[in-house]
Amino acid sequence: MYKYLLLFLCFSFGLAAQQNLTETMIYDGQQREYIIHLPPAYDGTLKLPVVFVFHGLGGSNSGMTGAGFNQLGDVENFISVYPQGLEAPNFGTAWNNGSNLSALGFNPDDLGFISTLVDEMIADYSADASKIYACGFSMGGIMSHRLGCEMSDKFAAIASQAGTMANSISGTCSPGRAVPIMHIHGDADATVSYNGDALYGLNS
């Protein structure tokens, strides 16, 4: 009996210590998925910063949880949020980030979904509305640039790794304030060219 009680207590403690929440919402008639990682300091009352992390083309939010933000958030006390993109025909999971996938008919309301998710983090997780950030890899980085241009009222700053800005976005980018940006890119990148790509509608 003692052995089973010990196993139950250990299992219960494991559930209580679990900080990764896999969530869904219905937005614009579609089920949208996202993962939330809460740092150990989270107690529902502290207004913590939030970092949104966007996966690349064909990637997944679960894959991005291994990028190191969970561990960094545990130390620096911020919440990590990993949204999941929808399937673009013949391309895999993607973001409506202004690249030429939009011209091919892939036009989900990702801005609306992300805006709703930001509001949820503020309302339900006591997130600090002045410290919401976006970053991403490749197509996710391109999406981060779009958020910096078009949602500067919600995102304090953005960062992109190996993802430039879509031409359709750069031509009309007019945020309501100066948005801090960190951009990391290699000039030997053979997937998302450092010098831009007309085929995908990407700027230098």
- Pairs flagged by disulfide (SG to SG under 2.5 Å) wherever residues 167-204 is involved - sequence neighbours left out: C149-C173
- Query: Atom CE in M151, atom CD1 in I114: separation rounded to 0.5 Å?
  - Reply: 6.5 Å
- Item | Interatomic spacing from CE in M64 to CZ in F69 - rounded to 0.5 Å |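 Taking CE in M64 and CZ in F69, the distance rounds to 6.5 Å.
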- Do the side-chain N and O atoms of Y82 and N70 include a donor-acceptor pair separated by under 3.5 angstrom? yes
- Does a donor on one side chain sit under 3.5 Å from an acceptor on the other, for N203 and T164?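 No pair is found: no donor N or O on one side chain lies under 3.5 Å from an acceptor on the other.
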- Do you reckon I35 sits in the same ILVMFWY cluster as L21, going by side-chain contacts under 4.5 Å, direct or chained? no
So, the side chain of [X] versus the backbone of [Y]: is there a donor-acceptor pair under 3.5 Å, distance only?
{"X": "S102", "Y": "N96", "answer": "no"}
{"X": "T116", "Y": "G112", "answer": "yes"}
{"X": "N195", "Y": "S204", "answer": "no"}
{"X": "S152", "Y": "G176", "answer": "yes"}

- Query: Which atoms form the tightest heavy-atom contact between V50 and A127, and what is the distance?
  - Reply: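 Minimum heavy-atom contact is CG2-CB, 3.4 Å.
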- Message: I need the minimum non-hydrogen distance between L46 and A41, along with the two atoms involved.
- Response: CD1-O, 3.6 Å
- Message: Is the shortest side-chain heavy-atom distance between F54 and P83 below 4.5 Å?
- Response: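 Touching, per the 4.5 Å side-chain cut-off.
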- Item | Partners passing salt bridge (Lys or Arg N to Asp or Glu O under 4.0 Å) against D119 (at least two apart in sequence or in another chain) |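 Result, salt bridge (Lys or Arg N to Asp or Glu O under 4.0 Å) vs D119: K154.
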- State whether the number of non-hydrogen atoms from other residues, nucleotides or ligands found under 6.0 Å of M182 atom CE is greater than 12.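 It does not: M182 CE has 12 such atoms or fewer within range.
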- For Q84, all residues meeting side chain to side chain donor-acceptor pair (under 3.5 Å), sequence neighbours excluded: H55
- Query: Who are the side chain to side chain donor-acceptor pair (under 3.5 Å) partners of S99, not counting sequence neighbours?
  - Reply: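 S99 satisfies side chain to side chain donor-acceptor pair (under 3.5 Å) with N97 only.
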- Query: Residues sharing L199's hydrophobic cluster, by side-chain heavy-atom contacts under 4.5 Å among ILVMFWY, directly or via others?
  - Reply: I142, V192, Y200, L202
- What residue pairs, at least two apart or across chains, pass ring pair (Phe, Tyr, Trp, His ring centres under 6.0 Å) with a residue in residues 109-146? H145-H183
Enumerate the salt bridge (charged side-chain N to carboxylate O under 4.0 Å, His left out) contacts for [range], please, sequence neighbours excluded, ordered by first and then second residue.
{"range": "residues 32-47", "result": "R32-D110"}
{"range": "residues 92-105", "result": "none"}
{"range": "residues 131-149", "result": "R146-E150"}
{"range": "residues 169-190", "result": "none"}

- Item | Which residues share a ring-ring contact (aromatic ring centres under 6.0 Å, His included) with F52, sequence neighbours left out | F155
- Message: Test of understanding: with ring-ring contact (aromatic ring centres under 6.0 Å, His included), list the residues that count as partners of F91, not counting sequence neighbours.
- Response: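 By the ring-ring contact (aromatic ring centres under 6.0 Å, His included) rule, F91 matches no residue at all.
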